[in-house]
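The shown structure was predicted, so the numbers you read here are calculated from the model rather than taken from an experiment. These numbers come from the heavy atoms of this one structure, side chains and all, not from hydrogens, waters or symmetry mates.
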Amino acid sequence: WLLGSILFFVRHLLQLTTLKQWIASSSTVESAKINTLLAETTLATGMQKQPRLRFSPMVNSPIVTGLIRPTILLPTNASHWELNTLRMVLLHELGHIRRRDLWLSHIAQLNCIIHWCNPFVWLLRNRLRHQCEFAVDAQIIANGTNTKCYISALCDVAENLTSNHSI
């Protein structure tokens, strides 16, 4: 059991190191429009502190990382996305920060490290991740976002993801 826990802990540390490398290799968003949009969406979600926003060549879809200092990483081609798509993406990622989903995910991963031999713990962790996604989506819709606009933005991001993989 101990050897398995150590191996999964090392794997977790490697994943955290990779995320730090992605942040280190990312570039600051220089666009005034995108930075203004981040400020607007941060206020709209009721958050006091604005997270860092960076472009990363290492990601194909938007992600948020950083327990203490949250950072939203966008694919480098996100600078060409429509502003409405960017608004929806930022609202989604800010929703994860506001709900503290990163902390929940981290705790779930630590449980998997401790109870690595129990398949139900892994299933629960995956279920938690999906429920966090659904909860953020539901929160955005409940706060008055047009459902069709939100779905369109999600499709734009998914299309970007598939077009990057086909290259």
Side-chain angles (χ1 to χ4, degrees), residues 11-31 33-42 44-45 47 49-109 112 122-123 125-143 145-167:
R11 179 177 161 225
H12 183 63
L13 289 178
L14 290 173
Q15 290 170 340
L16 293 175
T17 302
T18 299
L19 287 172
K20 285 184 180 185
Q21 289 172 347
W22 288 3
I23 292 171
S25 69
S26 65
S27 60
T28 306
V29 174
E30 301 292 336
S31 168
K33 285 183 183 179
I34 296 175
N35 284 317
T36 300
L37 189 60
L38 176 63
E40 290 171 5
T41 52
T42 301
T45 57
M47 293 175 53
K49 190 172 179 184
Q50 186 173 300
R52 294 186 299 174
L53 181 65
R54 302 181 66 83
F55 288 127
S56 173
M58 307 305 286
V59 299
N60 292 324
S61 65
I63 64 166
V64 63
T65 185
L67 294 175
I68 305 299
R69 189 171 179 203
T71 301
I72 298 172
L73 294 176
L74 298 175
T76 51
N77 66 344
S79 61
H80 304 296
W81 293 354
E82 293 182 25
L83 280 181
N84 192 50
T85 298
L86 278 169
R87 176 178 281 109
M88 299 301 143
V89 164
L90 291 175
L91 286 172
H92 182 92
E93 300 306 330
L94 289 167
H96 285 301
I97 295 169
R98 188 163 197 268
R99 288 175 28 86
R100 292 174 177 71
D101 288 343
L102 294 173
W103 286 95
L104 284 174
S105 179
H106 192 68
I107 291 168
Q109 187 63 39
C112 287
W122 294 92
L123 291 170
R125 183 201 64 167
N126 290 337
R127 181 76 175 173
L128 174 69
R129 286 181 177 175
H130 289 116
Q131 289 302 315
C132 286
E133 292 298 326
F134 290 136
V136 169
D137 293 340
Q139 188 175 28
I140 291 171
I141 300 299
N143 287 338
T145 298
N146 181 298
T147 307
K148 289 181 181 178
C149 289
Y150 189 63
I151 291 170
S152 176
L154 291 176
C155 289
D156 288 347
V157 173
E159 184 179 321
N160 173 67
L161 180 62
T162 57
S163 66
N164 281 348
H165 283 294
S166 64
I167 295 177

Could you walk me through whether Leu38 and Val29 pass side chain to side chain contact (heavy atoms under 4.5 Å, CB included), step by step?
CA-CA 10 Å; Leu38 176 63; Val29 174; over 6 Å; no

Any donor-acceptor pair under 3.5 Å from Ser105 side chain to Leu102 backbone
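Checked: no pair found.
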
State whether the side chain of Thr18 and the backbone N or O of Leu14 hold a donor-acceptor pair below 3.5 Å, judged by distance alone.
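Present.
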
Any side-chain heavy atom of Leu91 sitting closer than 4.5 Å to one from Asn143?
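The answer is no; the side chains never approach within 4.5 Å.
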
Measuring only between side-chain heavy atoms, which start at C-beta, is Leu74 closer than 4.5 Å to Pro62?
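Leu74 vs Pro62: side chains touch.
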
Under 3.5 Å side-chain donor-acceptor pair for Ser27 and Arg54
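Arg54 and Ser27 do not have a side-chain donor-acceptor pair below 3.5 Å.
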
Starting at [atom1] of [X], measure out to [atom2] of [Y] and round the result to the nearest 0.5 Å.
{"X": "Ile140", "Y": "Arg87", "atom1": "CD1", "atom2": "CZ", "value": "12.0 Å"}
{"X": "Asn126", "Y": "Trp122", "atom1": "CG", "atom2": "CH2", "value": "8.5 Å"}
{"X": "Thr41", "Y": "Ile72", "atom1": "OG1", "atom2": "CD1", "value": "7.0 Å"}
{"X": "Tyr150", "Y": "Asn84", "atom1": "OH", "atom2": "CG", "value": "11.5 Å"}
{"X": "Leu73", "Y": "Asn60", "atom1": "CG", "atom2": "CG", "value": "12.0 Å"}
{"X": "Asp101", "Y": "Arg129", "atom1": "CG", "atom2": "CZ", "value": "11.5 Å"}

Might you point out which heavy atoms bring [X] and [Y] nearest each other, and give the distance in Å?
{"X": "His96", "Y": "Cys132", "result": "CE1-O, 3.9 Å"}
{"X": "Leu86", "Y": "Trp81", "result": "CD2-CE3, 3.8 Å"}
{"X": "Ile97", "Y": "Pro70", "result": "CD1-CB, 3.7 Å"}
{"X": "Trp22", "Y": "Ser56", "result": "O-OG, 3.9 Å"}
{"X": "Ser79", "Y": "Ile34", "result": "CA-CD1, 4.1 Å"}
{"X": "Pro57", "Y": "Ser25", "result": "CD-O, 4.0 Å"}

Partner of Gln109 by side chain to side chain donor-acceptor pair (under 3.5 Å), out of Arg11, His12, Gln15, Arg125:
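For Gln109, the side chain to side chain donor-acceptor pair (under 3.5 Å) check succeeds only for Arg125.
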
Pro51 and side chain to side chain contact (heavy atoms under 4.5 Å, CB included): which partner among Thr65, Leu90, Thr71, Thr42?
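That would be Thr42.
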
Candidate pair Leu154 and Met88, rule side chain to side chain contact (heavy atoms under 4.5 Å, CB included), full reasoning
CA-CA 8 Å; Leu154 291 176; Met88 299 301 143; over 6 Å; no

Using side chain to side chain contact (heavy atoms under 4.5 Å, CB included), reason through Gln139 and Arg98 one step at a time and then give a plain yes or no.
CA-CA 11 Å; Gln139 188 175 28; Arg98 188 163 197 268; 4.0 Å; yes

